[in-house]
Trainee: 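Sending over a structure as structure tokens; questions will come in a sec.
Letters A, B, ... are given to chains in the order of the sequence lines, protein chains preceding strands, and every chain is numbered from 1.
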2 protein chains.
Amino acid sequence: MDETSPRSARKGATAVEGDPDADLAFDVFAKACPSRRTLEDVTGRWGSLTLGALHEGSLRFNELRRRVDGVSEKMLSQTLHSLERDGLVHREAQPTNPPRVDYELTPLGREVAERLLALIHFVEDRMPSVLDAQQSYDVTRGTR
Amino acid sequence: MDETSPRSARKGATAVEGDPDADLAFDVFAKACPSRRTLEDVTGRWGSLTLGALHEGSLRFNELRRRVDGVSEKMLSQTLHSLERDGLVHREAQPTNPPRVDYELTPLGREVAERLLALIHFVEDRMPSVLDAQQSYDVTRGTR
DNA sequence: CGGTATCCAAAGGGATACTG
DNA sequence: CAGTATCCCTTTGGATACCG
């Protein structure tokens with residue numbers, strides 16, 4: 001392997017053009033890249049759970065709050081704004097009284113959520129192995 | 001659709017047994033579930049980048065530090081401990097002088113990293129759309 | 001109902017110094 | 001090289017109160 005090129009292993013995942021560097025344009029490993037911020041919105045503590053919840057269908061604010069157990073109003077509001085700004089969530093407000101607002105994934109958001117859920121389900125599925133590993137670790141090392 | 005059953009949409013992703021509730025045992029949407037903690041280790045700011053970096057091959061501590069641009073010694077150390085405890089990363093220390101320690105993914109870690117990278121690469125790939133959405137949002141709303 | 005504003009405590013996280 | 005320990009500032013995030 002080429003020792004002088006640290007990114008030599010990268011291959012274009014879904015490159016559209018013939019440009020071989022297209023997949024490096026938004027390298028999340030680079031500190032200043034905007035993709036890192038977006039990735040954090042998606043994978044963050046509440047962002048990931050919110051996207052996961054919305055993948056099952058459109059939900060209202062307080063429905064979401066109950067579904068994403070433990071999230072505060074403030075954090076849910078903040079999370080939804082970020083995801084809406086990134087174009088992953090659509091906010092549908094009806095000017096009725098009392099007000100009714102529905103949140104749903106955009107087409108792009110749905111694609112993100114699918115990949116995210118593949119990861120989430122896999123982790124859930126392998127929790128027994130993880131729990132085993134944690135026990136072994138805690139026994140031999142300090143109890144964390 | 002069954003309005004009374006909020007989890008009705010869930011399907012077993014990689015269910016091994018015939019138990020239909022096997023995929024609910026470690027539900028990440030429940031506040032107290034240990035899977036949520038593990039998911040945060042995996043998707044967290046530094047955890048995700050560390051797993052991503054190690055997917056390309058075994059790396060030493062300072063190699064990792066350079067690869068994951070912006071991480072501090074403290075955070076990298078902490079992150080590696082968490083991932084090792086979860087059984088996703090293996091630490092190979094050689095008692096030489098100067099010391100040499102290599103970090104590499106375990107088989108389980110590799111499976112996690114694959115799903116994680118699918119998400120990361122997708123986000124990187126769609127950054128132009130995300131950036132567009134952000135611009136539209138910032139124009140119509142306040143500048144965040 | 002669907003939020004925003006404010007306050008404050010707790011955790012996150014960087015810089016530096018130091019050890020084996 | 002591969003970390004740990006300490007200091008200290010910054011961010012996160014919960015609780016509460018309030019508004020349309």
Trainee: Of all residues at least two apart in sequence or in a different chain, which pass the side chain to side chain contact (heavy atoms under 4.5 Å, CB included) check with A/P34?
Mentor: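 By the side chain to side chain contact (heavy atoms under 4.5 Å, CB included) rule, A/P34 matches A/F26, B/M127, B/L131.
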Trainee: Using the side chain to side chain contact (heavy atoms under 4.5 Å, CB included) criterion, which residues pair with B/A53? Sequence neighbours excluded.
Mentor: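 With neighbours one apart ignored, the set is A/F29, B/L59, B/L64, B/R67, B/V68.
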Trainee: Test of understanding: with side chain to side chain contact (heavy atoms under 4.5 Å, CB included), list the residues that count as partners of A/S77, not counting sequence neighbours.
Mentor: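 Partners of A/S77 under the side chain to side chain contact (heavy atoms under 4.5 Å, CB included) test: A/F61, A/H81.
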Trainee: Between A/R60 and C/dG2, is there a contact of a side-chain N or O with OP1 or OP2 at under 4.0 Å?
Mentor: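 The answer is yes; a side-chain N or O of A/R60 sits under 4.0 Å from OP1 or OP2.
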Trainee: B/E111: what forms a salt bridge (charged side-chain N to carboxylate O under 4.0 Å, His left out) with it, not counting sequence neighbours?
Mentor: A/R126
Trainee: Sequence neighbours left out, what passes side chain to side chain donor-acceptor pair (under 3.5 Å) with B/R91? Give chain and number order.
Mentor: B/Y103
Trainee: Measure the angle between the two terminal helix axes of the helix from C/dC1-D/dG20 to C/dG20-D/dC1, five base pairs each, and quote it to 10°.
Mentor: 50°
Trainee: Is A/R66 close enough to C/dC1 that one of its side-chain N or O atoms is under 4.0 Å from OP1 or OP2 there?
Mentor: no
Trainee: Given C/dG3, is OP1 or OP2 found less than 4.0 Å from the side-chain N or O atoms of A/H81?
Mentor: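 It does not, given that no N or O in the side chain of A/H81 lies less than 4.0 Å from OP1 or OP2 of C/dG3.
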Trainee: Under the salt bridge (charged side-chain N to carboxylate O under 4.0 Å, His left out) definition, can you give me all pairs with a residue in residues 68-77 of chain A, not counting sequence neighbours?
Mentor: A/R65-A/E73
Trainee: Quick check for you: name the first and last nucleotides of DNA chain D, 5' to 3', having an atom under 4.0 Å from a heavy atom of chain A.
Mentor: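 Reading along DNA chain D, I get D/dG13 to D/dG20.
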Trainee: Taking salt bridge (charged side-chain N to carboxylate O under 4.0 Å, His left out) as the test, write out the residues that go with A/E92, two or more places apart.
Mentor: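 A/E92: no salt bridge (charged side-chain N to carboxylate O under 4.0 Å, His left out) contacts found.
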Trainee: Apply side-chain contact (heavy atoms from CB on, under 4.5 Å) to the pair A/H55 and A/L117, showing each step before the final yes or no.
Mentor: CA-CA 9 Å; A/H55 190 252; A/L117 283 169; 3.2 Å; yes
Trainee: Under 4.0 Å between a side-chain N/O of A/Y103 and OP1 or OP2 of C/dG3, yes or no?
Mentor: yes
Trainee: Return a single string for nucleotides 10-20 of chain C, one symbol per nucleotide in 5' to 3' order, where B is base contact, S is sugar-phosphate-only contact and - is none, cutoff 4.0 angstrom on heavy atoms.
Mentor: ---BB--B--B
Trainee: Of all residues at least two apart in sequence or in a different chain, which pass the salt bridge (charged side-chain N to carboxylate O under 4.0 Å, His left out) check with B/E114?
Mentor: none
Trainee: Using the test salt bridge (charged side-chain N to carboxylate O under 4.0 Å, His left out), find all partners of A/D102 that sit at least two apart in sequence or belong to another chain.
Mentor: A/R100
